[in-house]
Amino acid sequence: MSETCRFEPEILRAAAADHWTDALRDHLRECDHCIAAAAVAPWMGRFARISDREHILPDPSVVWLKARLLQGSADAGRAGRPLDMAQLIAYMVVAGGWAAFLMWRWNTIEAWVHRLTPSGLVASAARAESLSMSFFALLFVLASMTVMLAMHTILAEE
Amino acid sequence: MELTAMSLPAALLAEAQPRTGRPGRPMDEARFEMFYRRTAGALWSYLFRMTGDAAAADDLLQKSFFRFLRANPELATEEHQRRWLFRTATNLAMDHFREHKRERKREEETARDHEAGPAMEARQVLRHDMMKTFAELKPRERALLWLAHVEEADHEHISEALGVKAKSVKVLLFRARKRLGELLTVKGLAPEVRR
C-alpha cells in the first residue's frame, strides 16, 4: 500500500507538460491515485515556480556564527550545572546549620537577647560564662558561610 | 528529470549539481556554507509555503540549521543530511502551528480585511491567491504535497519528515491531493485531463 504507483512519475510529468500518451490516458481510467495526482500536479508546479528570489536568505556565515554562540551558551549552561547544584547544596547546609544552631541554644539566645538592655549588659558583664566559646565559634562560622554564599550569589549573577 | 527542470525554482535546480561535501567528518564552516547554499533555498520555500509567513520561514530556517549544527549528525550522504534537515524543519513548523494557532486566526482575519488591493501587481496577486488556496489545507497536507510534488520525495522520505508510518503516506497523500483538487475545482482552477 505504501508503494507509489509505478506510473505516477510519468503521470506527473505528463500533467506538468500537458502531454498525454494513450497508455497514460488508459492508466488514468483505472488508477484513482494517479487521477488525484494529475489533478493537482500542474497547479503545484506553478505554485513551486512562484519566485522567492526577492527574499534574501540569511547569510550562511551569520547562521554559522549564531549557531556557535548558541552552542557556546548551551555548553556554558551545561558546565555550570554542577556549580548550580553545589550552590543549592550550600544554601541548604547553611539554612540547616542556622536552624540547628537556633534550636540547640534557643533558650540561651532568648535569655541573651532579653538581657540586651543597658542595665542588663552591665549586670551580665561580670558573668561572661553564660555564652561559651563554642557558641561564638559556631556563630562566627555560620555567619561567615552565609556572607560568603551571599557574595558568591551576587558575583555569579553579575 | 523533465519535471524537475520545468517546475522547480532555481534554488532547487542547484540540488541537481554534483555534491562535494564529504560525509563522516564534523561540519566546518566551509562545508556548512556549501551545504547551506545548496539546501537553504529549497528549505525556505518549503517553510514559506507551509507557514505563509516570510518572517516565520526565516526564523524556522535558522532554527533548523542551528539544530542541524548542534546535533552534527554523522550521516552517510548529503541526501541523508538534507532529509534530516527537512524532518527537523517539519517538526519545528508543526510546533510553530501549535504555538501560533490563535495568532494565526487573527492574522487570517486581518488578511481577509486587506484583500488584494488595486495597487498589488498581477504577479503578487497570483502569489497571494495561490498562497491563500494552499493555506486552506491542513499543515500536514501542505507538507505532504510540497514534499511529493516539489521535492519529489519518495514515501519513505515523506514518512520520515512527517513522523508517520510509511504505509500511511500513500493514503494521506491521496487525501491531500483530493482535498487540493476539490479546492481547485471550487475555484475553477482544476486542469482538464483528457481521457
Side-chain angles (χ1 to χ4, degrees), chain A residues 1-5 8-20 22 24-72 74-75, chain B residues 1-3 6-12 29 32-33 36-37 40-41 44-45 48-49 54 57-58 61-62 65-66 68-70 123 126-127 130-131 133-134 145-146 148-150 152 154-156 159 165-171 173-174 176-178 180-181 184-185 189-191 193-195:
Chain A
M1 190 63 180
S2 70
E3 289 301 310
T4 316
C5 170
E8 195 179 302
E10 285 178 65
I11 293 283
L12 292 176
R13 275 197 293 276
D18 196 19
H19 181 76
W20 296 90
D22 290 341
L24 290 177
R25 277 201 203 96
D26 287 345
H27 177 70
L28 268 191
R29 287 196 194 98
E30 59 200 34
C31 181
D32 288 342
H33 288 272
C34 287
I35 292 171
V40 299
W43 190 88
M44 282 301 297
R46 281 200 304 278
F47 188 45
R49 281 196 300 273
I50 297 177
S51 176
D52 295 326
R53 280 182 198 158
E54 64 266 35
H55 183 83
I56 298 163
L57 289 172
D59 192 82
S61 55
V62 173
V63 176
W64 172 267
L65 192 65
K66 276 189 189 174
R68 293 294 117 195
L69 288 173
L70 283 174
Q71 182 69 49
D75 289 348
Chain B
M1 286 172 81
E2 276 175 45
L3 180 68
M6 288 180 61
S7 63
L8 301 188
L12 294 183
E29 190 172 353
F32 171 72
E33 192 172 330
Y36 182 89
R37 291 199 189 282
W44 191 88
S45 294
F48 178 56
R49 298 312 198 284
D58 270 351
L61 176 90
Q62 293 197 48
F65 278 104
F66 293 160
F68 176 78
L69 285 170
R70 192 172 63 202
R123 197 167 53 89
L126 175 70
R127 177 160 143 169
M130 290 184 117
M131 290 296 285
T133 304
F134 206 56
L145 289 167
W146 189 267
H149 284 267
V150 182
E152 297 183 344
D154 56 24
H155 288 188
E156 190 200 332
S159 78
K165 286 178 187 165
K167 282 181 183 175
S168 315
V169 172
K170 191 172 180 178
V171 176
L173 188 57
F174 176 68
R177 281 168 169 161
K178 287 286 273 185
L180 178 60
L184 296 178
T185 305
L189 299 168
V193 181
R194 282 168 294 223
R195 296 191 193 181

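Keep in mind that what you see is a predicted model, and the values were worked out from it rather than measured. Naming convention: chains lettered A, B, ... in sequence-line order (proteins, then strands); numbering from 1 in each chain.
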Under 6.0 Å between the ring centres of B/Phe65 and B/Phe32? yes

Interface moiety of A/Pro42 toward chain B, non-hydrogen atoms closer than 4.5 Å: side chain

When the 4.5 angstrom heavy-atom criterion is applied to A/Asp22 and chain B, the contacting part is neither

Would you kindly check if the NZ (Lys) or CZ (Arg) of B/Arg49 is within the cone defined by 45 degrees around the ring axis of B/Phe134 and under 6.0 Å from the six-membered ring centre? no

With B/Phe66 via ring-ring contact (aromatic ring centres under 6.0 Å, His included) - residues at least two apart: none

How would you list, by chain and number, every residue that makes a side chain to side chain contact (heavy atoms under 4.5 Å, CB included) with A/Ala41, sequence neighbours excluded? A/Leu12, A/Ala15, B/His149

Tell me, for B/Leu184 versus chain A, whether the close heavy atoms (under 4.5 Å) come from the side chain, the backbone, both or neither. side chain

Any idea which of A/Asp32, A/Val40, A/Asp59 has the most non-hydrogen atom pairs under 4.5 angstrom with chain B? A/Val40

